[in-house]
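All remarks here apply to the structure that follows.
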Amino acid sequence: MSATVITITSGKGGVGKTTTTANLGVALAQLNKRVVCIDVDIGLRNLDVVMGLENRIVYDLVHVIEGQCRLRQAMIKDKRMPELYLIPAAQTRDKSAVSPSDMVRLTDELRPDFDFVLIDSPAGIERGFRNAIAGADKVLVVTNPEVSAVRDADRIIGLVEAERKGPAQLILNRMRPAMVDRGDMLSTDDVLDVLAIDLIGIVPEDESILVGSNRGNPVAMDEKSLAGQAYRNIAMRLTGKDIPFIDFSKPRNGFLGKIANIFKRG
Amino acid sequence: MGILDFFNGTKATSKDIAKERLKVVLIHDRTDIPPAVMEQLRDEILDVIAKYVDFDRDAVDIRLDRENRLSQLVAEIPLRESPRSRRKR
Ligand SMILES: Nc1ncnc2c1ncn2[C@@H]1O[C@H](COP(=O)(O)OP(=O)(O)OP(=O)(O)O)[C@@H](O)[C@H]1O
Ligand SMILES: [Mg+2]
């Protein structure tokens, strides 16, 4: 048994990497996969609060790497899920406390015991990004449908290729169907046309994401959340299932349309 | 009125403009050829070609293009037919 190590990265900050990591962690765990999420954003730790596990931190990633604790001691179990763990980032250190080879060693140590290792990358293209992708088997690039985020995604896709970690796959986050319909937001096809990479998920703009973050309950836990469904779909694709993409940008009316819309969830 | 308006005969939406701008920006990012250098490149190419053939500088289209993450320099230079060959036909 060997885990797939997946890094979630973006180039541009604030596009939804941490939200994606937390939700894919939950969604994969719900599929009875054994999952560990690692926050590599050293100095700007956030995955712990988004997952709602911040009160249980004793040790962190840097403690593990510096040998101040055993790996298992730094792994916080999410008790709501069958097999979901978090290794938090250090908050009072900086990126230089970890090297790419440390990350390769760490992920190799985790591989035998898990199905998925998810790595939440910091923004940027420097050390933190290199640490985040060092152990990756697969890289997911998160972007938003706006010029600057797509531009940075393109840059990251190129760097991922250069590091022989490609081809990266794309998660298009914060889509607003109404804006796409009136021509004020790049559509999924526009972004794919420009970036020319594989799509693995479309996540709508959804208020429930913020509500979930407020409470420390990732929306993938919420059966009724649209964004939650989008993350569950990505998780299924990661397990090899062929879940069709539905362009939810053109809501259809009428009875059949309403039925179709139920499935129109990224 | 931008180039998109011209082709569509309609007003370009903001996303059309975003997409066009993105395409241009990405090509320059990827090839590391800034727009000003591209202008210079264009002028020099045309100077060389002008030594050998006759063409209308205003009808020339030289651009960086990208397909499937591969960049290429594309030049379309419509040539003027010489008066003699025109007479023959
Ligand atoms: N689909 C969405 N709908 C609504 N809000 C969202 C969505 N995705 C992310 N957000 C919000 O955007 C903000 C940034 O998200 P997040 O922290 O996941 O980004 P990040 O890429 O990890 O940022 P950083 O680069 O700082 O690490 C958060 O407030 C989050 O709640
Ligand atoms: Mg983050």
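Just the heavy atoms: all of them, side chains too, but no hydrogens, waters or symmetry mates, feed the values below. Each chain gets a letter, A, B and so on, in the order the sequences are listed, and its residues count up from 1.
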Near [X] [atom1], under 6.0 Å, is it more than 12 heavy atoms from other residues, nucleotides or ligands?
X: B:D47; atom1: CG; answer: yes
X: B:R21; atom1: CZ; answer: no
X: A:E207; atom1: CD; answer: no

(request) Please round to the nearest 0.5 Å and tell me the distance separating atom CG of A:D154 and atom NZ of B:K23. (result) 13.0 Å
(request) First locate atom CE of A:M185, then atom OG1 of B:T13, and finally report the distance between them rounded to the nearest 0.5 Å. (result) 12.5 Å
(message) Using heavy-atom distances under 4.5 Å, tell me whether A:I157 contacts chain B through its side chain, its backbone, both, or neither.
(response) both
(request) Sort out for me which residue in A:V147, A:L186, A:V150 forms a side chain to side chain contact (heavy atoms under 4.5 Å, CB included) with B:K19. (result) A:L186
(message) List the residues meeting side chain to side chain contact (heavy atoms under 4.5 Å, CB included) with A:V50, not counting sequence neighbours, and say none if there are none.
(response) A:T18, A:A22, A:S213
(message) If the contact rule is any heavy atom under 4.5 Å from chain A, which residues of residues 24-31 of chain B qualify, in numerical order?
(response) B:V25, B:L26, B:D29, B:R30
